[in-house]
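In the text below, chain A, chain B and the rest are named by the order of the sequence lines, each starting its count at 1. Quick caveat: nothing in here was measured; it's all calculated off a predicted structure. Both backbone and side-chain heavy atoms feed into the values below; hydrogens, waters and symmetry mates do not.
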4 protein chains.
Amino acid sequence: MLNKVMLIGNLGADPEVRYMPSGGAVTNVSLATTRRWKDRQSGERREHTEWHRVVFFNRLAEVAGEYLRKGSQVYVEGRIQTRKWQDQSGQDRYSTEIIAEEMQMLGSRSGGTANFGDSAQQGGYSAPQSQPSAAPQQQQPSGNTPPPASYDDFDDDIPF
Amino acid sequence: MLNKVMLIGNLGADPEVRYMPSGGAVTNVSLATTRRWKDRQSGERREHTEWHRVVFFNRLAEVAGEYLRKGSQVYVEGRIQTRKWQDQSGQDRYSTEIIAEEMQMLGSRSGGTANFGDSAQQGGYSAPQSQPSAAPQQQQPSGNTPPPASYDDFDDDIPF
Amino acid sequence: MLNKVMLIGNLGADPEVRYMPSGGAVTNVSLATTRRWKDRQSGERREHTEWHRVVFFNRLAEVAGEYLRKGSQVYVEGRIQTRKWQDQSGQDRYSTEIIAEEMQMLGSRSGGTANFGDSAQQGGYSAPQSQPSAAPQQQQPSGNTPPPASYDDFDDDIPF
Amino acid sequence: MLNKVMLIGNLGADPEVRYMPSGGAVTNVSLATTRRWKDRQSGERREHTEWHRVVFFNRLAEVAGEYLRKGSQVYVEGRIQTRKWQDQSGQDRYSTEIIAEEMQMLGSRSGGTANFGDSAQQGGYSAPQSQPSAAPQQQQPSGNTPPPASYDDFDDDIPF
DNA sequence: TTTT
DNA sequence: TTTT
């Protein structure tokens, strides 16, 4: 079976880095891909932007958190995964995410060096802590937004 | 920008074929991909099945409706698209779908011929009708399930 | 940088399994992909079959050698690599191969079990030997065919 | 059957644009992809650069000829095709090329605008001519380099 | 809900 | 050389 996603797009905001109880990093990124086409009927140009929730784990999460910034162009390869969660009223809701397996920064002449300019303060990279933040578990699911997944057991796993 | 999905999986049920007001076919399929891995900690084998909503349009929708059946193994190439809809209480909800752009039947010794056996009655292929069924527009969004999209304007579009 | 190949095709012959001095397996496979299209001018159907040299290493080579057979339908993911060799007259020649990184058997109702029928004798799988065959190094490059690569140093390597 | 290649790399030289008898453009590009890995044995970093011959046709060939330059970073999607030709001594030789089906310029903040700087003279883009150059047919295959293909009949073809 |  |  194959479940493969390949995206080239730009970040809509700085990455958000959190840590699992194990100490492994989890980085969330919102990635835009824009499709442009010419309408067959009217002949006019149209475009549609799709936003993808991309999740990086462990070593890749640290690299993403360190080098990616709002506006960065990036190639992401991964798989589709839909996560179930409950909203305030207890209803089941679903959030579809891209679990990243490969990542390539694009277009940087300077070899992938991050820009530590004006976005550094609110989105900067922090080294993995031996005392992992408990943030993922604490956060309350707000009405319409999926909570960060706990991923307690996420692991670099070995396919067989 | 690139937004590409490639899946190889099996259908969980017969395809559902509907028609747009334009007469173009829309086929929905539920596709399972199973990932198997060995847990790093415990060493035990684990697996996870992911279900994908795949949507075919026009000519591809007709081929999918005619040749695919519950259990069919298929390769699908397409793009990720998230659709917004309102549930009964008027809340915004989202459904992520794979818009198919290519399709290949796999593994059929018999050359891709569909099985018109016991599943033919509820899932069989119907030729495009000049009087398109209005089904997509009529259906009520049930509490937890996204309604079929209307796609009134879906078109074989030309990228530029 | 990205160098990715994805093939779905059929084997033209049983796999050829050899062993590196290290004992690791190397399996070569000839894979056909057929493209069909309708000629714009004449409107007639045309087709072209492309043959790909696919090389598997180590664990994947053993699985390929054991389960694939002439006619098997398979999904291969890998990268393109061009190898330089010298023909009898000492001229440089090039052979482009697909180095496989993932493999999936397709369409086997019977769960991927290999057929050990009439092709087992000349193409059967042998378990890795502690005394690796020296075959790769011995073979003489014939005039027009690239010799098996020696790959003395091929290794499961870690991207960084 | 699937025969898909996806590359992200940099051009080693300006594109070469030629024209078919039909007037359609054919653009050849040499694209480098670099793989980096850590050797399992020695632990040292290694890298290997692979050069791909990429061929664009018709509209894509014109865009490639206009906007790509030596050093440009580009995403190319296409298929593998091996072409047979005869060297001076009449021996069969093979050249493997990537026939491009999609192309995306990467990393240009300025929206894909080509650099018409110092490389414009030897590699610049020319609009399709009603009097197509006969160049492809004239060129002599030199001993070790494949001649440009004639592609007399290449066409935007319709898969079925 | 499929399949291996 | 495969397969549909």
Side-chain angles (χ1 to χ4, degrees), chain A residues 1-3 82 84 94 159-160, chain B residues 7-16 28-38 45-54 63-64 67-76 98 103-115 118-119 122-123 145, chain C residues 7-16 28-38 45-54 63-64 67-76 98 103-115 118-119 122-123 145, chain D residues 1-3 82 84 94 159-160:
Chain A
M1 309 302 156
L2 177 72
N3 173 355
T82 296
K84 191 183 188 174
Y94 299 86
F160 68 93
Chain B
L7 304 173
I8 296 174
N10 297 278
L11 271 71
D14 283 354
E16 294 170 18
N28 283 269
V29 141
S30 191
L31 192 68
T33 58
T34 300
R35 192 168 68 96
R36 283 164 238 273
W37 72 97
K38 197 172 281 184
R45 300 185 162 202
R46 299 187 55 185
E47 69 171 58
H48 171 77
T49 295
E50 192 69 35
W51 288 95
H52 309 268
R53 299 169 176 273
V54 180
V63 176
Y67 292 109
L68 299 181
R69 285 297 171 271
K70 177 177 176 172
S72 295
Q73 191 181 38
V74 68
Y75 166 78
V76 171
I98 309 307
M103 192 260 289
Q104 294 281 345
M105 291 204 58
L106 300 175
S108 54
R109 239 113 283 275
S110 42
T113 316
N115 164 20
D118 63 349
S119 64
Q122 74 249 35
T145 316
Chain C
L7 304 172
I8 295 175
N10 297 278
L11 271 71
D14 283 354
E16 293 169 20
N28 284 268
V29 142
S30 192
L31 193 68
T33 59
T34 300
R35 194 169 69 97
R36 284 164 237 274
W37 72 97
K38 196 172 280 181
R45 301 185 162 200
R46 300 189 54 187
E47 70 170 57
H48 171 76
T49 295
E50 192 69 34
W51 288 96
H52 309 268
R53 298 171 178 272
V54 180
V63 175
Y67 293 110
L68 299 180
R69 285 296 171 271
K70 177 176 178 172
S72 295
Q73 191 181 36
V74 69
Y75 166 79
V76 170
I98 309 307
M103 191 260 289
Q104 293 280 345
M105 292 203 58
L106 299 175
S108 53
R109 240 114 284 274
S110 42
T113 315
N115 164 21
D118 63 348
S119 65
Q122 73 248 34
T145 316
Chain D
M1 309 302 158
L2 177 72
N3 173 357
T82 296
K84 190 181 188 173
Y94 299 88
F160 70 91

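Distance, C:Glu50 CD to F:dT2 P: 16 Å, rounded to whole Å. Spacing between atom CD of C:Glu47 and atom P of F:dT4 amounts to 12 Å, rounded to whole angstrom units. Atoms CD1 (C:Ile8) and P (F:dT4) sit 14 Å apart, rounded to a whole Å. Atom C1' of nucleotide E:dT2 and atom CE of B:Met105 are separated by 14 Å, given to the nearest angstrom. As rounded to whole Å, 9 Å separates atom P of F:dT4 from atom CZ of C:Arg36.
For B:Ser30 against E:dT1, a side-chain-to-base donor-acceptor contact under 3.5 Å is present. Side-chain N/O atoms of B:Thr49 and base N/O atoms of E:dT3 include no donor-acceptor pair closer than 3.5 Å.
The closest side-chain heavy-atom distance from D:Thr82 to C:Glu50 is below 4.5 Å.
Counting only distance, with no hydrogens or angles, the side chain of B:Glu16 and the backbone of B:Asn28 share no donor-acceptor pair below 3.5 Å.
Atom CG of B:Leu11 and atom CZ of B:Arg69 lie 9.5 Å apart (nearest 0.5 Å). Interatomic distance, B:Arg46 CZ to B:Arg36 CZ, rounded to the nearest 0.5 Å: 14.0 Å.
Remark: ring of C:Trp51 stacked against base of F:dT1; centroid gap under 5.5 Å, plane tilt under 30°.
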